Amino acid sequence: MGEFKMQGVEGVVGKMRGLAPKLQRSGLKKSARRAMSIVRDAARAKAKAIDDPATAEKIWKNIAVQESPKDSKREGGVVMRVGVMGGAQNLSLGGIAGKKTLKDNPGGDTWYWRFIEFGTEHSRAEPFMRPALSENIDPVTERFATELSTEIDAALRGA
């Protein structure tokens, strides 16, 4: 979907190098999650504005922040995502016995969110996820740097 790499936080990162790896990761995760909550909240507001009130499903209730451990390991840091819960499931499987189904999500089964975000040959796109990120890069970067600095200072005081 959308991706950006954070630059301009070298001073904060320099302070972080003095911490143990476990404390570094913990501080990064907390800071990234708090920063990306700005994108989550913007996406929820945009989705709420276009959600069909006649249906029981609510896309905005299924928008969440989550770490991507696989990408975090590959990148050598922390990768935090904002997405729609259940949005990447293979719909042809239909649900596996004993497993959580898409209907169990807080907003119900909103597998169709991609059709709204990207449009189809029959309907125009009404993006709500991509603009939530692109319109908030500066606030996210600022909050990340502030939160990370706070986390580092707390870890250094406790060390």
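Excluded from the calculations below are hydrogen atoms, water molecules and symmetry mates; all remaining heavy atoms, backbone and side chain alike, are included. Note that this is a predicted model, so its numbers are computed, not measured.
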K.L.:
Strictly distance-based, threshold 3.5 Å: is any side-chain N or O of S72 a donor or acceptor partner for the main-chain N or O of V79?
P.N.:
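Such a contact is found between S72 side chain and V79 backbone.
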K.L.:
Taking G107's backbone N and O only, do any of them form a donor-acceptor pair with N62's side chain (distance below 3.5 Å, no angle check)?
P.N.:
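Yes, N62 side chain to G107 backbone: donor-acceptor pair under 3.5 Å.
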K.L.:
Give a yes or no on whether M36 and I59 share a hydrophobic cluster (residues Ile, Leu, Val, Met, Phe, Trp, Tyr; joining criterion: side-chain heavy atoms under 4.5 Å apart).
P.N.:
yes
K.L.:
Hey, does the side chain of S31 reach the backbone of L148 with a donor-acceptor pair shorter than 3.5 angstrom?
P.N.:
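At least one qualifying donor-acceptor pair exists.
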K.L.:
Keeping N105 on the side-chain end and M85 on the backbone end, is there a donor-acceptor pair under 3.5 Å?
P.N.:
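Side chain of N105 to backbone of M85, a donor-acceptor pair under 3.5 Å: yes, one is there.
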K.L.:
Tabulate below the donor-acceptor pairs under 3.5 Å that side-chain atoms of residues 121-129 make, not counting sequence neighbours, or state none.
P.N.:
| residue | atom | partner | partner atom | Å |
| --- | --- | --- | --- | --- |
| S123 | OG | T120 | OG1 | 3.1 |

K.L.:
Just to verify, which of D41, L133, I63, I38 counts as forming a side-chain contact (heavy atoms from CB on, under 4.5 Å) with V82?
P.N.:
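Going through D41, L133, I63, I38 one by one, the side-chain contact (heavy atoms from CB on, under 4.5 Å) with V82 is satisfied by I63 alone.
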K.L.:
Only counting residues at least two apart or in another chain, list the ones meeting side-chain contact (heavy atoms from CB on, under 4.5 Å) with R33.
P.N.:
V65, M80
K.L.:
In chain order, what residues pass the side-chain hydrogen bond (donor to acceptor under 3.5 Å, both in side chains) check against S37, with sequence neighbours excluded?
P.N.:
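Partners of S37 under the side-chain hydrogen bond (donor to acceptor under 3.5 Å, both in side chains) test: R143.
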K.L.:
So, the side chain of S149 versus the backbone of A145: is there a donor-acceptor pair under 3.5 Å, distance only?
P.N.:
no
K.L.:
With salt bridge (charged side-chain N to carboxylate O under 4.0 Å, His left out) as the rule and sequence neighbours excluded, what pairs involving residues 63-72 come up?
P.N.:
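Matches after skipping sequence neighbours: R25-E67, K29-E67, D71-R74, D71-R81.
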K.L.:
Kindly write out the residues that satisfy side-chain contact (heavy atoms from CB on, under 4.5 Å) with D52, not counting sequence neighbours, or none if the list is empty.
P.N.:
A54, T55
K.L.:
Checking E117 side chain against R130 main chain: does a donor-acceptor pair fall under 3.5 Å?
P.N.:
yes
K.L.:
Out of curiosity, E57 CD to D109 CG, how far, rounded to the nearest 0.5 Å?
P.N.:
6.5 Å
K.L.:
Would you call V84 and Y112 a side-chain contact if the rule is heavy atoms closer than 4.5 Å?
P.N.:
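Sidechains of Y112 and V84: no contact.
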K.L.:
Let me confirm one number: the CZ-CZ distance from R44 to R40, rounded to the nearest 0.5 Å.
P.N.:
4.5 Å
K.L.:
Can you list the residues that meet the side-chain contact (heavy atoms from CB on, under 4.5 Å) rule with E135, with sequence neighbours excluded?
P.N.:
K46, P131
K.L.:
Are W60 and W113 joined in one hydrophobic group, where the rule is that I, L, V, M, F, W and Y side chains link up if heavy atoms are under 4.5 Å apart?
P.N.:
no
